[in-house]
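Below: one structure, written as structure tokens.
Just so we're on the same page: letters track the sequence lines, and every chain starts at 1. The structure presented is a predicted model; accordingly, all values stated were derived computationally and were not measured.
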Number of protein chains: 2
Amino acid sequence: MPQQPDHACRPYGAGRVTPQRKLVAQLAESWPGAFTVEELSSAVREQDRAASVATVYRAVAALAEQGWLERVGERHGSVLFARCAAGEHHHHHVVCDGCGRVEAAECPVASPASTVSGFVITRHEVTLYGLCPECATGTAI
Amino acid sequence: MPQQPDHACRPYGAGRVTPQRKLVAQLAESWPGAFTVEELSSAVREQDRAASVATVYRAVAALAEQGWLERVGERHGSVLFARCAAGEHHHHHVVCDGCGRVEAAECPVASPASTVSGFVITRHEVTLYGLCPECATGTAI
DNA sequence: GTGTATGCAAACTGTTTGCATGGAC
DNA sequence: GTCCATGCAAACAGTTTGCATACAC
């Protein structure tokens, strides 16, 4: 296969890769959807009881800085992050109301209307909500 | 003019109208855009030094409950509220990057596409960003 | 060997809550 | 007169920071 873009192999950029950071990146990568730092932190501590929240916060901040993770919203007061493969490409997110899964979605905005209510529009944020295939077809909770 | 809908005159619904609540509603009404509770609270305290943050939080919560105020996002960790005249009608918000002004905007989502990435979409949130007429025509900051 | 990441705990911010009191209705 | 809204302060959750130490490079 073609060689991976550099940052895919170096989620921390020039930063050092410690066991904790490796764990954070690994768990974030395999996380089924979006997560709060708190949630990720719990998962990290299951595998490394000594890992502290502060470290996870710092690791997540480093990953977000590299664009390897993305802020995708908030859930009752906590910031939601998700591993986002879409990179720089203009996209949005669709959130499953059932399981919390988050995926990238095409931009559903019709015409990039440049003026609304007299405002000159330069950018927009869209979040779609619904049910993922599993939650939609599976038996309701 | 036709008589105002009831809630327009009674922002607190059946709740009691105290001087503090009157002040909160008044300031929110005349606020040029969206505000955090903290900002509103500061403004309230300028006119009533004894008013406490807790009271403002409670008043804002009551107003939001009545649909008289609306959560329109967040600004560095704080919830943003705005007086919203659009009421129940499906709409979104356009935020001025210059002055922070917030106005209701038509829904720019093309077709209410019911499926995206296999998800069954039930609702969406859109926020537009740009410059309001004043900030767009006025000299750049 | 150098300098960054860690762990711990304390600090900080935004928000909520409990409780006794005052005041709107 | 009743009961809700207030003010105060303490509690709370999420997040950040300072500092000495450990360890990736």
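For the pair Tyr129(B) and Ile121(A), the minimum side-chain heavy-atom distance is 4.5 Å or more.
Note on Thr55(B): a side-chain N or O is less than 4.0 Å away from OP1 or OP2 of dG7(D). OP1 or OP2 of dT6(D) has not a single side-chain nitrogen or oxygen of Ser52(B) nearer than 4.0 Å. Residue Gln20(A) places no side-chain N or O under 4.0 Å from the OP1 or OP2 atom of dC23(D). The phosphate of dT6(D) has OP1 or OP2 within less than 4.0 Å of a side-chain N or O from Thr18(B).
Nucleic acid contact class of Arg21(B) (heavy atoms, under 4.0 Å, all strands): sugar-phosphate only. Using a 4.0 Å heavy-atom cutoff across all strands shown, Ala51(A) reaches sugar-phosphate atoms only and no base atom. Across all strands, Val53(B) comes closer than 4.0 Å to no nucleic acid atom at all (heavy-atom distances).
Judged by the 6.0 Å distance and 45° axis criteria, Arg83(B) is not positioned over the aromatic ring of Trp31(B).
In this structure, His92(A) has its ring center closer than 6.0 angstrom to the ring center of His124(A).
The separation between Tyr57(B) atom OH and dT17(C) atom C1' is 13 Å, rounded to whole Å.
Between its two ends, the helix from dG1(C)-dC25(D) to dC25(C)-dG1(D) turns its axis by 40°, counting five pairs per end and rounding to 10 degrees.
Between Phe119(B) and Val95(A), the closest heavy-atom pair is CE2-C, 4.1 Å.
At least one donor-acceptor pair under 3.5 Å links the side chain of Glu39(A) to the backbone N or O of Thr36(A).
Two residues, Arg16(B) and Ala50(B), neighbour DNA chain D, and the one matched to the more 5' nucleotide by heavy-atom proximity is Arg16(B). Residue-to-nucleotide proximity on DNA chain C shows that, of Arg58(B) and Gly15(B), the 5′-proximal contact is made by Arg58(B).
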